[in-house]
Amino acid sequence: MSYVNTREILDKASKEYYGVAAFNINNLEFLQAILAGAAEKKSPAIIETSEGAIKYAGMGDYFKGARIFVNMVKEFANDLDIPVALHLDHGKDFNIIMACIKAGYSSVMIDASHYDFEDNLRITKDVARIAHAAGVSVEAELGQLAGIEDNVEAAENVLVNVDQAEKFCAESEIDFFAPAIGTSHGAFKFKGEAKLDYDRLKKVKEITGKPLVLHGASSVVQEYVKIAEEHGADFGGSKGVPSDVLKETVKFGINKVNTDTDLRIAYIAGLREYLDNDSKQFDPRKYYKVAMDYTKQVVMDRIDILGSAGKI
Ligand SMILES: O=C(CO)COP(=O)(O)O
Ligand SMILES: O=C[C@H](O)COP(=O)(O)O
Ligand SMILES: [Zn+2]
Ligand SMILES: [Zn+2]
């Protein structure tokens, strides 16, 4: 099975209405934990790296960073009987997008959502043309990631506009589409109750027919927040997208579920706990172990929530 085009994973998910988590990584340990969890669940896996992750891995050289991730992911994927894809998350720098295409990423996101509609469409079209010529699939975004307050006017300004979504998907030739429906990145997503615009989501699915992507989709699992806080962390007031809300979004057409914060929190919980309990330890292979076990557990829980177990 091994290394595939992200489109293969998401077209199937869109047809059969389940979600596949896309997990952000910066290093080897997160990749190992994610793939171990996905393999155990027999779930397809999407690994994604931000521009920051690529610069970090390549120590500033993003061509090197992109190659490191492609080589690392392929090396593990080749031995697994699940489909594995590697995706560039929030590509904003044209040079980094090109470096990823050249290095052999399965897909790239062009995030020009901060430009006005016409510019976003024009830039997205250009990237889609180049990426497709290299056999790489493309994600793009419309709207801004910001939580919905109780204010209709504010929501209209930040959430995806359905008519624009139709034109954008019809003209840009993208493969999967990220509509802003009320989530935001990080561990502090909602002040009150988690609130997403399901009606808007349903309309976007109906009108575009594309595999859809939910950004800022971490649940901020309180079990791990608690462990981290018992060992010195302070994530007071953190709040994510609860699993029943995630399930609803999948029912209404979300297929790629971007997850970074949940992995970071599980990892830091394990690391802090281990170090607190063994002050003499300085072998990284020992103190990363619990961190990786917790990360793997979060990965498997997500796979169950989104319904991608066994979908290979
Ligand atoms: O959207 C994300 C990456 O693109 C990650 O979102 P979280 O911060 O909710 O994990
Ligand atoms: O969308 C944002 C991701 O969580 C990546 O964040 P980063 O830029 O800190 O790597
Ligand atoms: Zn964006
Ligand atoms: Zn995102």
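We count ligands from 1, going down the list as the structure has it; atoms in each ligand are counted the same way.
- The shortest N or O to N or O distance between N26 and ligand 2 is not under 3.5 Å.
- Listed by number with element, the atoms of ligand 2 under 4.0 Å from a non-hydrogen atom of H90 are 1 (O).
- Close approach of ligand 1 to T259 is summarised as follows: ligand atoms under 4.0 Å from at least one heavy atom of the residue are 10 (O).
- More than 12 heavy atoms of other shown residues, nucleotides or ligands fall within 6.0 angstrom of atom NZ in K205.
- A salt bridge does not link K202 with E206: every distance from a Lys NZ or Arg NE/NH1/NH2 to an Asp or Glu carboxylate oxygen is 4.0 Å or more.
- The name of the N, O or S atom in H90 nearest to the Zn ion (ligand 4) is NE2.
- Within ligand 1, the atoms closer than 4.0 Å to a non-hydrogen atom of N258 are 1 (O), 2 (C), 3 (C), 4 (O), 5 (C), 6 (O), numbered from 1 in the order shown.
- Distances from the Zn ion (ligand 4) to the N/O/S atoms of H215 are shortest for ND1.
- A 6.0 Å sphere centred on CD of Q144 holds more than 12 heavy atoms belonging to other residues, nucleotides or ligands.
- Between R272 and D276 there is no salt bridge, since none of the side-chain N atoms of the basic residue sits less than 4.0 Å from a carboxylate O of the acidic one.
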Full working for side-chain contact (heavy atoms from CB on, under 4.5 Å) between E139 and I174: CA-CA 6 Å; E139 171 183 338; I174 54 168; over 6 Å; no

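- In terms of polar-atom proximity, defined here as any N/O pair under 3.5 Å, N24 makes no such contact with ligand 2.
- Residue contacts with ligand 2 include R264, since one of its heavy atoms falls under 4.0 Å from the ligand.
- When each of F30, Y294, Y274 is checked for a ring-ring contact (aromatic ring centres under 6.0 Å, His included) with Y267, only F30 meets the rule.
- The distance criterion of under 3.5 Å between nitrogen or oxygen atoms is met by H90 with respect to ligand 1.
- Ligand 1 places these atoms under 4.0 Å from at least one heavy atom of N24: 3 (C).
- Scanning the protein for heavy atoms near atom 1 (O) of ligand 1, the closest one is G216 N, 2.8 Å.
- From N258, atom CG reaches atom OG1 of T183 across 9.0 Å, with rounding to the nearest 0.5 Å.
- Classification of K203 and D199 as a salt-bridged pair fails, no side-chain N sitting under 4.0 Å from a carboxylate O.
- No more than 12 heavy atoms of other residues, nucleotides or ligands lie within 6.0 Å of NZ in K42, so this atom counts as exposed by the packing criterion.
- Comment: K226 engages E230 in a salt bridge, judged by a side-chain N to carboxylate O separation of less than 4.0 angstrom.
- By the 3.5 Å distance cut-off applied to N or O atoms, K189 is counted among the residues near ligand 1.
- The aromatic rings of H215 and H185 stand perpendicular to each other, their planes meeting at an angle above 60°, with 30° marking the opposite boundary.
- Checked by distance only, ligand 1 and T261 come closer than 3.5 Å through their nitrogen or oxygen atoms.
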Stepwise side-chain contact (heavy atoms from CB on, under 4.5 Å) check, L142 with F117: CA-CA 8 Å; L142 258 192; F117 178 78; 3.9 Å; yes

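- The option with the heavy atom closest to atom 2 (C) of ligand 1, from among H185, E141, H87, is H185.
- A heavy-atom separation below 4.0 Å is not found between G52 and ligand 2.
- When hydrogens are left out, the protein atom nearest atom 4 (O) of ligand 2 is D260 OD2, 2.7 Å; that is the closest non-hydrogen contact.
- Each of the following atoms of ligand 1 lies closer than 4.0 Å to a heavy atom of S218: 7 (P), 9 (O), 10 (O).
- Distances from the Zn ion (ligand 4) to the N/O/S atoms of H185 are shortest for NE2.
- Considering both main-chain and side-chain atoms, S184 never comes within under 3.5 Å of ligand 1 through any nitrogen or oxygen pair.
- For atom 10 (O) of ligand 2, the closest non-hydrogen atom on the protein side is S50 OG, 2.6 Å.
- Heavy-atom contacts of H215 reach the following atoms of ligand 1: 1 (O), 4 (O) (cutoff under 4.0 Å).
- Taking the charged nitrogens against the carboxylate oxygens, R129 and D126 do have a contact shorter than 4.0 Å, which makes a salt bridge.
- For atom 3 (C) of ligand 1, the nearest non-hydrogen atom of the protein is D89 OD2, 3.0 Å.
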